[in-house]
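Have a look at the structure below, then the notes.
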Amino acid sequence: MRSLPRWMSPVSLALVLALASCSDDDNPTDGGIVDETPPSVASVTAVDAGHIDVVFSEPVTRASAENTSNYSILIVVSPASPTASALGGQTVVAAALSGDGKKVTITTTPDMLGIAYDMWVENIVDEAGNTMGDPVVQRFTGSTAADNTAPVLVYRKPAPNSTNQSTTALIELTFSEPIQQSSLEQLFGLGGAQGQVPVAFTSPDDVHFYGDHDPLALNSNYDIVLHGVLDYAGNPSSHVAWTFQTTAVADKTPPALVSSTPANLATNVGVNAQLILVFSERIDAESFTPFFTPEITGTTEWSLDGKTLTFTPATPLPADTQFELEIFPGDVADLAGNVNTALFTVVFSTGPTLQAGSIAGTLTGDASSSSASNPAGALVAQATAFPFSGQPFSVLGAATAASNGAYTNQYLRDGTYYPLAIKNTVKDGFIDPYMGDAIGFYGVDYRQGDLSPDSVVIAGGSHATNINFKLYDPTAVYGTVDYNGVYVGESHSILVGIFETAGFDPATSQPVAGTEAYWPDFSSYVINSIDVGPIAAGNYYVGAFLDVNDDGDYQPATEPAGLFGGTPPDAVDLSSGKDAPNTNILLLDPTPGMNAATSSHWKTTPHAKWLQNVSRAVREAQVSQR
C-alpha cells in the first residue's frame, strides 16, 4: 500500500524574517536576532477567592496558555523554603487567555484561603515557538474576597469587522471564567438580512464555547450581539456587539486528511492506542465512519471544532497485527457538501514490522473513452474475494496509478487477491462505477463479454509483478422518474428505456436498452452498459412509462408515460464514454389522441447486484453488507 506523501517544507526566508520581527520582552530582536527566549512568569495575583491572574513576560499561544494541565496550585508548608509546597491545594477548573496574549485568568475550586500558595507553571509556549523548560514556581497569597468581577469575552471568532468568513464556520467564544450556558443561549444573537440564525452551543468547560448553525448566505453581513451573560456568581457580562461578512465565493475546496495518530506505516503501536484523524476543515460527522481491516469495533468522537475524529477501540487491539484504513474519494464531506477527491491510507501494526507482500503492474486506459483513455489517477486496489460472486469482500492496498499507468499495492498480507481499478470519469468526486465511472478487473475484458477475473496469490510476503489490466468506461444513464397523476397511491413497475433518435416513435420504437424501477418507493433508475451490454456511441432519447397492467407492454391509451425533456424530447449524448446523469423524467397521464394505439414490449435488464456491491465496497472500503 502506498504511503501518504510526506512534504518536507524548508524554512523560507520569509518565515525567518517573520520570526525575527516578533517582539520579545526579555530579548529584543533588533538587528535581525531571532527570539529564542522562552516565556517567563511576570506575576501571579489572586483576584478573589476563586480567580487568579497569571501574567507572562510576552504573548503566548492560546493552546498552551489555556491548557489547565499546565498549572498546579499547591499550599506552601514552609514559607522559608522557595519551593516547599504540599500536594494539597486548589484544582484548576479553567484557564482563559486575554486579548493581550499575556494575562491568563485561572478559575479554581474550592475557595482559596488567605495563606501562601505556590503556582507551578510549565509547557507554556510563546508565539515564536519557545517552550518553558523546567516548571516555573511563583509564590502568591490567596484571597478570600467575594467574586464581584463580571465575566469578560476574551476571544471571539469571527473577529469584529472580519471579511471573507466561511458560511459554515463555527462561532467560537472564550470567556475569562466559567459562565452559565443557559444565559448565553438566551442572550446570544446572530442575525443578518435573512433574519435571526439559530445557534446551538457546546462547551467542554463553560469557558470555551462552539456555536453551530445552518450555512449562512454568501457575501452577507451578520451581526452578533452578546450581553448580560452570567458567571456562576451571578455577575453579568457587559454588552458586546460586532459585525462580520461572509465570503462571496462558494466553498469548493475538498476536505483532506492532515495527519493521523498512529502515523501511516507506524509499527509497535500500543494495543490500547486510539486512532486520531485530523482533517483540514470541519467535517460532516454523518458522512464518515472509519472501517478497519481487520475490523475493529469501538466508538468515535468528533472534536468540538469538527476537525478531529478520535476512534477508541472497545477492547485492546490484538498483538503483532497489521491494520489498514482506507479513505476513498467521496468518503468524507465538509459542511458545504464537498467530498475528498484524494485517496488517504493509514497502515499501522501492533508488531515490529509491516506485511511484506506487494502487487505491481500497469493499468491501461479505455481508448474508446475520452475521459478514461489516460489511466493516471485511477484508484487501484485488491479485493479479498471474487467480486462477481456476491460474497462479502474487503478492499486493501489502495494506491493511485501514475502518469504512465504504473501502480504498486504494498504491505499486503498473504492471501488471494483480485486486482481492481476505478477512475472517477464522471468527475463528481465519488468513486462509483454504477454511475459511469471507469472500472477494470485483472483478467476481465468487458468488450468481449469476459467477466471472469483472474486472481493473484501472495505467499510468504511475495511480490507479484506484471499484473497488467485495463479500464473499461461504461455508459450510464440515470435519474429519477416522477409522477403525480391518477394512479398515485398505487404501486407499479416503471420501465425506462433509451431509444435511437432516428425515426423515433414513442408508441412503436423499441428501446436499445432498458431497466426497471418501482413506483413510488424506488423511482430512481440506472441503465449501465455493464448490465445491459454495449451501447453504441451516439445521441439517444430516454423515456419511461408506468406499467399499470404489469405486463411489460406500453399501452398508450391507459398508461402514463414521459420523455426526458418533455415534448419534443431532449437527446442525451452517449458518445466517447460520456454519461447522462440527472436524466429525470416526468410521467403524464394519457390524453385523447396521445400516441398511436400500437403497444410495444420494452426490453429491460435488472440491475446487476455485483456491480452495486463493487461500488459500495470501493466507496466504503469495507464489506458491502456488514
Side-chain angles (χ1 to χ4, degrees), residues 6-45 52-73 83 92 94-106 118-140 152-162 164-165 169-170 172-176 204-205 207-208 256 258-261 263 276 278-281 303-305 307-308:
R6 299 175 182 268
W7 300 104
M8 302 298 293
S9 299
V11 178
S12 66
L13 176 61
L15 177 58
V16 173
L17 293 176
L19 291 176
S21 67
C22 292
S23 64
D24 180 80
D25 295 344
D26 296 329
N27 186 10
T29 57
D30 294 342
I33 300 175
V34 176
D35 173 15
E36 297 180 347
T37 303
S40 60
V41 177
S43 65
V44 177
T45 306
I52 303 166
D53 283 346
V54 178
V55 179
F56 292 97
S57 59
E58 58 178 315
V60 295
T61 64
R62 185 167 300 278
S64 65
E66 295 182 345
N67 185 344
T68 57
S69 65
N70 290 340
Y71 306 92
S72 299
I73 304 171
T83 59
V92 177
L97 181 66
S98 65
D100 65 4
K102 295 182 181 181
K103 185 178 78 172
V104 177
T105 298
I106 292 176
D118 279 340
M119 171 71 73
W120 291 65
V121 185
E122 58 186 333
N123 299 323
I124 302 299
V125 183
D126 67 17
E127 293 180 344
N130 301 304
T131 305
M132 282 183 173
D134 296 331
V136 174
V137 182
Q138 187 89 0
R139 186 155 296 174
F140 69 100
V152 177
L153 183 65
V154 296
Y155 177 77
R156 46 185 158 168
K157 185 179 181 181
N161 302 317
S162 58
N164 201 37
Q165 294 296 313
L170 292 171
E172 298 182 32
L173 306 174
T174 301
F175 292 88
S176 58
D205 53 14
V207 168
H208 303 85
V258 175
S259 65
S260 69
T261 304
I276 301 174
V278 180
F279 293 91
S280 59
E281 59 179 309
S303 61
L304 292 178
D305 66 2
K307 295 181 180 180
T308 302

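Looking at residues two or more places apart in sequence or on another chain, you find no salt bridge (charged side-chain N to carboxylate O under 4.0 Å, His left out) involving Glu122. Taking the salt bridge (charged side-chain N to carboxylate O under 4.0 Å, His left out) definition, one finds that Arg156 meets it with nothing, sequence neighbours left out. With sequence neighbours left out, Thr174 forms a side-chain hydrogen bond (donor to acceptor under 3.5 Å, both in side chains) with no residue at all.
Ser98 and Val154 make their closest contact through CA-CB, 3.9 Å (heavy atoms, listed as atom of the first residue, atom of the second, distance). Between Phe140 and Asp118, the closest heavy-atom pair is CE2-C, 4.4 Å. Of all the heavy atoms in Pro38 and Asp126, the pair that sits closest is CA-OD2, 4.2 Å. Closest approach of Ala95 and Ala65 over heavy atoms only: CB-O, 3.7 Å.
Proximity of Val54 to Gln138: side-chain heavy atoms (C-beta onward) are nowhere separated by under 4.5 Å. You'll find the side chain of Met132 reaches within 4.5 Å of the side chain of Phe56, heavy atoms only. Side-chain contact between Val258 and Phe279 is absent, with no heavy-atom pair separated by less than 4.5 Å. Using a 4.5 Å heavy-atom threshold, the side chains of Glu58 and Asp35 count as touching. A 4.5 Å side-chain heavy-atom check between Ile124 and Ser64 finds at least one atom pair inside the cut-off.
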task = With side-chain contact (heavy atoms from CB on, under 4.5 Å) as the test, would you mind laying out the steps for Asn67 and Asn123 before giving the verdict?
result = CA-CA 9 Å; Asn67 185 344; Asn123 299 323; over 6 Å; no
task = Would you check, one step at a time, whether the test side-chain contact (heavy atoms from CB on, under 4.5 Å) holds for His208 with Leu304?
result = CA-CA 10 Å; His208 303 85; Leu304 292 178; over 6 Å; no
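A donor-acceptor pair is defined here as one N or O able to donate and one able to accept, closer than 3.5 Å; no such pair exists between the side chain of Thr308 and the backbone of Ser303. Remark: side-chain polar atoms of Thr105 are not paired, donor with acceptor, to backbone N or O of Ser176 under 3.5 angstrom. With hydrogens and angles ignored, the 3.5 Å screen pairs no side-chain donor or acceptor of Tyr71 with any backbone N or O of Ala94. At distances below 3.5 Å, not a single donor-acceptor pair connects side-chain atoms of Thr261 with backbone N or O atoms of Ile276.
Distance check: Asp305 CG to Glu281 CD gives 11.5 Å after rounding to the nearest 0.5 Å. Taking NZ from Lys102 and CG from Leu97, the interatomic distance works out to 11.5 Å, rounded to the nearest 0.5 Å.
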